[in-house]
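Working notes for the structure below.
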Amino acid sequence: MATRYWIVSLPVQSSPTSLWSRLQESISKNSFDTPLYRFNIPNLRVGTLDSLLALSDDLLKSNTFIEGCSHKIRRQIEDLEKASGIVASSLTVDGVPVDSYLTKFVWDEAKYPTMSPLKEIVDGIHVQVAKIDDDLKVRIAEYNNVRSQLNTINRKQTGSLAVRDLSNLVKPEDIVSSEHLVTLIAVVPKYSQKDWLSCYETLTTYVVPRSSKNLHEDNEYALYTVTLFNRDADNFRIKARERGFQIRDFEYNSETQESRKQELEKLMQDQESLKNSLLQWCYTSYGEVFTSWMHFCAVRLFAESILRYGLPPSFLSVVLSPSVKSEKKVRTILESLCGTSNSTFWKTDDEGSMGGLGGEADAHPYVSFTINLV
């Protein structure tokens, strides 16, 4: 599928049919690998020249916003499909591939009545896309919030023993808790394990002999238990810290453990549900934004063609997708069909020469702008 298209209008000097035939013949003869299609724009309401000029000032800015929203949703779809392990699918608009919708564009009269003022159509499209853009931000924020919570929990469960959650490493049978005895959890550097085992019983007076048990090890630390009298616990923490051992605050509570497990399961379910919901919403909204964008492009081409060629409207609108190596050749073909005087005028470097309408960087003797599908 081609991803870069030109939407172009050429001034008609005799009839649209003969101009279309000449363009087809020239493209076929000189750049046969360039797809070429008619871009059918209905007879829209012209309004006054002042209203067209005012509209032209806003067209480029609005196009940048609408195009940006389209690409943003497309990227979100790609990210969600990748996260879900879904094979990237070809996006569709109104049931047809995206490129087919563009190359076989048909104006939606029911949604955008042609008798409406151009500004009303453009404003309506902008409002609709802005609403979708705002909705996208809210949905992404909601999804990312759940992901962030899950990532925080996962980091706690997979980080260093010095900081990670210990609830899935310490079992009830590892803990002694009574009126007089308490079990502490010590984080010991791996290279200091022999030191720990040789000294923990004598760090303070009231430590239960041979009570230390290795529960778990990672790349840096080992996790040990030690049982002692309650009244000696604070003193033991101080002495252990002086020897380079960290005593982790930990209290085993079966209700808390179950609550954490349920919280994790709920977050995982919420993430999956939000991800699927967001993906389906993106599929639908991408189609809505893309159809709005193509109607906007039709209005933009119509307005700029009137400003360029004058009244009554007499121009041929087409869609092309030249390869990079064919672009210069296709530009030459399009220019040759505009008439010599018109081409010379647009190529002049004098101060009085015209600039590209709608903010286009390159001036041509015809209206042209680029559509990037991705």
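The structure displayed is predicted, hence computed values, not measured ones.
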query = In terms of the angle between their ring planes, are F105 and H295 parallel, tilted or perpendicular, with boundaries placed at 30° and 60°?
reply = perpendicular

inquiry  = I'd like to know whether CG of N372 has more than 12 heavy-atom contacts from other residues, nucleotides or ligands below 6.0 angstrom.
reply    = yes

task = Applying side-chain hydrogen bond (donor to acceptor under 3.5 Å, both in side chains), run through S9 and R308 and close with a yes or a no.
result = CA-CA 10 Å; S9 79; R308 181 74 62 92; over 6 Å; no

message = Just verifying a value: how many Å separate L274 CG and I140 CD1, rounded to the nearest 0.5 Å?
response = 12.0 Å

request  = Indicate whether the side chain of Y286 and that of Q76 have a donor and an acceptor atom separated by less than 3.5 Å.
outcome  = no

inquiry  = Taking R75 first and then D79, would you say they form a salt bridge - that is, a charged N and a carboxylate O separated by under 4.0 Å?
reply    = no

ask   = What residues, two or more places apart in sequence or in another chain, satisfy side chain to side chain contact (heavy atoms under 4.5 Å, CB included) together with E81?
value = I77, I86, A88, S89, L279, Y283

note = d(L49 CG, L307 CG) to nearest 0.5 Å is 6.5 Å

message = Checking T204 against D232 for the side-chain hydrogen bond (donor to acceptor under 3.5 Å, both in side chains) test, could you report, in this order, the C-alpha distance in whole Å, the side-chain angles of both residues, the deciding distance, and whether it holds?
response = CA-CA 7 Å; T204 60; D232 215 16; 2.7 Å; yes

message = Between D135 and K131, does any NZ, NE, NH1 or NH2 come within less than 4.0 Å of an OD or OE carboxylate oxygen?
response = no

inquiry  = If the threshold is 4.0 Å, N to carboxylate O, is there a salt bridge linking E272 and K275?
reply    = yes

note = Heavy-atom closest pair (I121 atom, P113 atom, distance to 0.1 Å) is CD1-O, 3.8 Å

task = Give, for atom CG of N43 and atom CE of M115, the distance between the pair rounded to the nearest 0.5 Å.
result = 10.5 Å

query = Going only through I, L, V, M, F, W and Y residues with side-chain contacts under 4.5 Å, is there a path from F245 to V163?
reply = no

request  = Using a strict cut-off of less than 4.0 Å between a Lys/Arg side-chain nitrogen and an Asp/Glu carboxylate oxygen, indicate whether E120 and R45 qualify as a salt bridge.
outcome  = no

task = Report yes or no: do E109 and T114 form a side-chain donor-acceptor pair below 3.5 Å?
result = yes

query = NZ of K190: more than 12 outside heavy atoms within 6.0 angstrom?
reply = yes

inquiry  = According to a hydrophobic-cluster definition based on side-chain heavy atoms being under 4.5 Å apart (Ile, Leu, Val, Met, Phe, Trp, Tyr only), do F250 and L228 belong together?
reply    = no

query = Closest heavy-atom contact between K119 and L55?
reply = CA-CD1, 4.1 Å

query = Taking side chain as C-beta onward, heavy atoms only, is I132 less than 4.5 Å from E288?
reply = yes

task = Any chance you could measure S56, atom OG, to L118, atom CG, to the nearest 0.5 Å?
result = 11.5 Å

task = Is it possible for you to say whether V176 and L223 belong to one hydrophobic cluster, with membership spreading through side-chain heavy-atom contacts below 4.5 Å?
result = no

ask   = Between W293 and F290, how do the two ring planes meet: parallel, tilted or perpendicular, split at 30° and 60°?
value = perpendicular

Joint cluster assignment, V98 & W6, ILVMFWY side-chain distance < 4.5 Å = yes

inquiry  = Could you check whether atom NZ of K111 has more than 12 heavy atoms from other residues, nucleotides or ligands sitting under 6.0 Å from it?
reply    = yes

ask   = Do V106 and W20 belong together in a cluster built from hydrophobic side chains that touch within less than 4.5 Å?
value = no

key: Working for side-chain hydrogen bond (donor to acceptor under 3.5 Å, both in side chains), residues S167 and D165   = CA-CA 6 Å; S167 57; D165 179 24; 2.7 Å; yes

inquiry  = Tell me whether the rings of Y206 and F229 are parallel (<30°), tilted (30 to 60°) or perpendicular (>60°).
reply    = perpendicular

